[in-house]
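Take a look at the structure set out below.
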Amino acid sequence: MCSAITRRISRRLGIRYDTWLRRDMILFSAKKSAVHDMHLDAVEAYATQSGVSVSGRIHGLGALWGLLTSRDRVMFSQSTGVASLIVLPLARIKGVTIIHYMHEPTSLRLKLRENPPVKSVIWHAVQWLEVRCATRVLVSRPALLDQAADVYRVPPSRVSVAPLLMPEIAQPDGQAVKARVTYLGRIDARRYFQEFLAAAPALKARGYIPTILTGDVDGVKKHAPQVPDDIELFAEPNFSEALKARVLGETLALWNPKRGNIAQSGVTADAVRYGVAVLLTDKDPSYETLRAGGIALDFPTAADCAFRCLDDVDAEGVTARAAQVFSAEHGRDAFEKTYLSLLT
């Protein structure tokens with residue numbers, strides 16, 4: 001009876017009947033963790049802003065029931081796990097379009113070098129299956145496009161760089177870019193860490209606040225005697241998004257030791273979103289983009305000269321330009337270009 005009424009209303013309104021029972025996207029992660037949920041939060045937020053409805057998220061083997069009962073057209077999948085061996089083929093059989101985020105397509109040889117043999121082989125096999133099931137494979141930065149093609153033989157038409165999988169976080173009221181210079185990354189990245197420590201006294205003398213924000217607690221404990229008392233240190237295993245937002249909201253420049261594309265490092269892209277000037281070399285893949293946007297700064301290798309250019313930074317101007325760059329390359333605009341083409 002209800003079905004007949006629903007059909008009649010659908011015809012009267014000119015709406016296809018099956019759209020009453022079908023949403024657009026379901027989110028799947030083979031594992032449940034804080035970082036995976038953070039990525040799913042970001043995809044869900046971008047989808048909602050773009051007018052795409054999301055029915056929910058499913059994890060591990062518990063995803064089977066959710067997948068069997070859903071009528072979604074698209075599944076966003078991320079994180080490798082044994083559950084993918086069952087869930088992704090089932091989704092493919094159901095005709096679901098699978099967008100799979102593979103942070104880094106690592107070769108079996110490299111996996112064997114860094115992990116036990118059994119784990120490496122299973123991990124590689126699951127990733128191979130994920131790639132075969134996926135309609136679109138997303139990698140974290142441009143340098144990995146060719147690597148995906150070499151390792152898993154992904155055709156160029158099926159692989160692209162992912163929009164940044166970080167949720168939008170509203171800055172606390174009254175926050176503005178100030179004079180904090182922040183080191184983000186592992187403490188045991190020795191060369192970069194030592195350069196930052198060497199530059200810290202000069203920064204302090206010129207009114208800047210040298211700051212270390214890291215999740216590398218073991219590295220901090222190991223190198224703690226080297227950290228001067230006048231450097232502010234924020235270290236915890238999973239530093240909260242609120243803490244990161246507050247520190248970045250007060251940061252004028254970010255010392256980025258990873259030298260990776262900004263899509264590789266969530267904290268680096270967060271810095272761009274908050275309008276933080278990013279210290280990069282011309283060897284960084286994202287250098288030209290950020291430099292063109294007035295966000296990236298040159299610095300020579302000598303630590304005593306590293307931050308000299310900060311005196312000329314216009315904090316408000318950097319904030320405005322950073323917002324444009326983030327939206328175009330990593331925010332909702334990028335999401336719509338990457339995802340919505342598969343929903344039409």
Heavy atoms, side chains only, cut-off 4.5 Å: are [X] and [Y] in contact?
| X | Y | value |
| --- | --- | --- |
| Gln78 | Met102 | no |
| Pro210 | Asp230 | no |
| Leu252 | Tyr208 | yes |
| Met75 | Lys94 | no |
| Val74 | Asp24 | no |
| Phe234 | Thr214 | no |
| Leu243 | Glu236 | yes |
| Phe193 | Ile212 | yes |

Single-linkage hydrophobic cluster [X]~[Y], side-chain heavy atoms < 4.5 angstrom:
| X | Y | result |
| --- | --- | --- |
| Val217 | Leu197 | no |
| Val137 | Trp128 | yes |
| Ile98 | Leu90 | yes |
| Val118 | Leu85 | yes |
| Leu310 | Ile231 | yes |

For [Y], is there any backbone N or O sitting under 3.5 Å from a side-chain donor or acceptor partner on [X]?
| X | Y | value |
| --- | --- | --- |
| Ser79 | Lys31 | yes |
| Thr211 | Ile209 | yes |
| Arg180 | Leu254 | no |
| Arg92 | Val87 | no |

Heavy-atom closest pair, residues [X] and [Y]:
| X | Y | answer |
| --- | --- | --- |
| Ile295 | Ala322 | CD1-CA, 3.3 Å |
| Val151 | Ser107 | CG1-CA, 3.9 Å |
| Leu108 | Ser120 | CD1-O, 3.8 Å |
| Val318 | Ala277 | CG1-N, 3.8 Å |
| Phe196 | Val181 | CZ-O, 3.8 Å |
| Val139 | Ala148 | CG1-CB, 4.3 Å |

Would you say the side chains of [X] and [Y] form a donor-acceptor pair under 3.5 Å?
| X | Y | result |
| --- | --- | --- |
| Thr182 | Thr251 | yes |
| Ser84 | Glu130 | yes |
| Gln127 | Lys111 | yes |
| His100 | Ser77 | yes |

Roughly how far apart are [X] [atom1] and [Y] [atom2], rounded to 0.5 Å?
| X | Y | atom1 | atom2 | answer |
| --- | --- | --- | --- | --- |
| Glu195 | Tyr183 | CD | OH | 9.5 Å |
| His36 | Tyr101 | NE2 | OH | 9.5 Å |
| Leu40 | Ile58 | CG | CD1 | 10.0 Å |
| Lys119 | Leu112 | NZ | CG | 12.0 Å |
| Tyr46 | Glu44 | OH | CD | 13.5 Å |
| Met25 | Thr97 | CE | OG1 | 9.5 Å |

Side chain to side chain contact (heavy atoms under 4.5 Å, CB included) assessment of Ile26 paired with Val54: CA-CA 6 Å; Ile26 193 167; Val54 176; over 6 Å; no

Inter- and intrachain pairs under salt bridge (Lys or Arg N to Asp or Glu O under 4.0 Å), touching residues 199-211, at least two apart: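 Sorted result for residues 199-211: Arg206-Asp311.
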
Salt bridge (Lys or Arg N to Asp or Glu O under 4.0 Å) involving Arg321 - partner list, sequence neighbours excluded: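 Listed in chain order: nothing, the list is empty.
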
Residue pair Val126, Leu129: steps toward the side chain to side chain contact (heavy atoms under 4.5 Å, CB included) verdict: CA-CA 5 Å; Val126 173; Leu129 178 74; 5.7 Å; no

Salt bridge present between Asp41 and Arg57 (N-O < 4.0 angstrom):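 Salt bridge: yes.
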
